[in-house]
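Presented below is the structure to which this report refers.
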Amino acid sequence: MHALYGGREENLAHAERELGVKLVTREDWVKIDGTAEAVAKTESLFGFLDKARAQGVTIRTPDFHRITDAFARGEGAQLQTLLDQPLVIATNRKTIVPKTLGQKLYLQSMLDHPVVFGIGPAGTGKTYLAMAAAVNALLKNKVERVILTRPAVEAGEALGFLPGDLREKILPYLRPLYDALHDMLDPEDVARLSEKGVIEIAPLAYMRGRTLSHAFIILDEAQNTTPEQMMMFLTRLGEESRMVVTGDITQIDLPRSKQSGLLEVRHILSDVPGIDFHTFSGADVVRHPLVAKIIAAYDAYRNPIANQGTTGDSR
């Protein structure tokens, strides 16, 4: 029962205010007092939360508030559709289940749209879930290859000359993609598929002039693309292909004179059918609990006016 409301009494108080009921709970039960309509909404809310928990979703405080507010507005039926078909991504080494409502919506978006933008802070699973969807599509023969790319931009520090051949030079930039890949496939499978070109990991500059057909293509760290690079990448989309673009607009490492293509693209493509923008918040962070607090503190520092008098998630 505690898992359904994040184990915090203030969450129950929020539900009482929004739904117009009185809640009393013990270890394994909750008593709901109110009008018949309010009791029915609240009962549906806890039924939804229990079903989400059973599917592996962790109910965090911002999730609880978002879901409660939706049921209070009469939008519970729309949320129910998210749980009617549980989203589970199976790879060779593990089964991946979305841990937050935001992650579930992101996975659903990747199934429904040819081009998806996943934008949000570190630790929300943007790249990891995109990689899982790509590997799953490859294993189910929905695509013939997986192409992973990112711009080779240094994160605020000059690394200087890197020794070795071309692959060794670009490996540090692509390491996060390799790490996620090895988490889902056996090392020998990664080596074999890479050798055959079924899995390709390359810098963004290598995408110019190509048409990428029958492929699942992921552009990671897209906040470090220029507008010209973003347009170049998006126009590589070929027949029967899917693209996922991930990035964190708070961690742009481009020179100050250059605009981020990820910041610009939303204004240009937000109304184009087949393209979806999914924005994560600190509520979707699934790393150490302190990561979400660090992100919230930085957000409050950078946007003091916007955050005055607000609490929780503002997605």
Side-chain angles (χ1 to χ4, degrees), residues 1-90 94-109 120-121 123-125 128-129 132 278-297 310-315:
M1 179 59 68
H2 286 140
L4 302 188
Y5 58 91
R8 303 182 65 169
E9 295 293 329
E10 54 265 38
N11 288 342
L12 291 180
H14 177 81
E16 287 179 328
R17 289 192 303 271
E18 294 300 316
L19 296 166
V21 294
K22 177 68 176 175
L23 299 175
V24 179
T25 183
R26 294 294 182 264
E27 289 299 320
D28 58 353
W29 56 265
V30 60
K31 179 183 176 183
I32 308 166
D33 284 325
T35 64
E37 181 182 0
V39 168
K41 277 187 179 180
T42 309
E43 188 176 11
S44 296
L45 166 66
F46 279 97
F48 175 88
L49 293 170
D50 189 43
K51 192 173 181 180
R53 180 200 56 77
Q55 291 184 14
V57 177
T58 301
I59 308 299
R60 301 159 190 262
T61 291
D63 290 326
F64 183 87
H65 284 214
R66 255 198 313 270
I67 296 167
T68 299
D69 294 347
F71 272 84
R73 294 191 301 266
E75 299 171 1
Q78 298 173 29
L79 286 179
Q80 291 284 3
T81 60
L82 286 174
L83 302 182
D84 291 341
Q85 296 181 331
L87 287 175
V88 177
I89 300 294
K94 66 193 307 184
T95 298
I96 297 159
V97 178
K99 296 180 179 178
T100 69
L101 188 62
Q103 288 190 348
K104 196 173 185 68
L105 289 167
Y106 179 51
L107 270 180
Q108 188 65 55
S109 179
T124 51
Y128 193 85
L129 289 174
H278 181 87
T279 303
F280 289 95
S281 73
D284 298 300
V285 172
V286 292
R287 290 181 182 170
H288 192 286
L290 271 177
V291 174
K293 295 179 181 179
I294 291 169
I295 291 168
T310 63
T311 58
D313 175 45
S314 59
R315 184 189 332 168

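FYI, side chains are in, hydrogens and waters are out, and symmetry mates aren't considered; it's all heavy atoms of this structure.
Rounded to the nearest 0.5 Å, atoms CD1 (I59) and CG (N11) are 10.5 Å apart. To the nearest 0.5 angstrom, M1 atom CE is 12.0 Å from R26 atom CZ.
Contacts of E10 classified as side-chain hydrogen bond (donor to acceptor under 3.5 Å, both in side chains), with partners at least two apart in sequence or in another chain: R8. Every ring pair (Phe, Tyr, Trp, His ring centres under 6.0 Å) that F71 has, sequence neighbours left out, goes to F48. Under the side-chain hydrogen bond (donor to acceptor under 3.5 Å, both in side chains) criterion, D50 pairs with R53, sequence neighbours left out.
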Applying side-chain contact (heavy atoms from CB on, under 4.5 Å), run through L4 and F46 and close with a yes or a no.
-> CA-CA 7 Å; L4 302 188; F46 279 97; 4.2 Å; yes

Take Q103 and L107 through the side-chain contact (heavy atoms from CB on, under 4.5 Å) test and state the conclusion after the steps.
-> CA-CA 6 Å; Q103 288 190 348; L107 270 180; over 6 Å; no

Could you check Y5 against T25 for side-chain contact (heavy atoms from CB on, under 4.5 Å), going step by step and ending with a plain yes or no?
-> CA-CA 11 Å; Y5 58 91; T25 183; 3.7 Å; yes

Return a table of donor-acceptor pairs under 3.5 angstrom between the side chains of residues 12-20 and protein atoms on other chains or two or more places apart.
from	atom 1	to	atom 2	distance (Å)
H14	NE2	D69	OD1	2.9
E16	OE2	L23	N	2.7

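The list of side chain to side chain donor-acceptor pair (under 3.5 Å) pairs with a residue in residues 40-49, not counting sequence neighbours, is empty.
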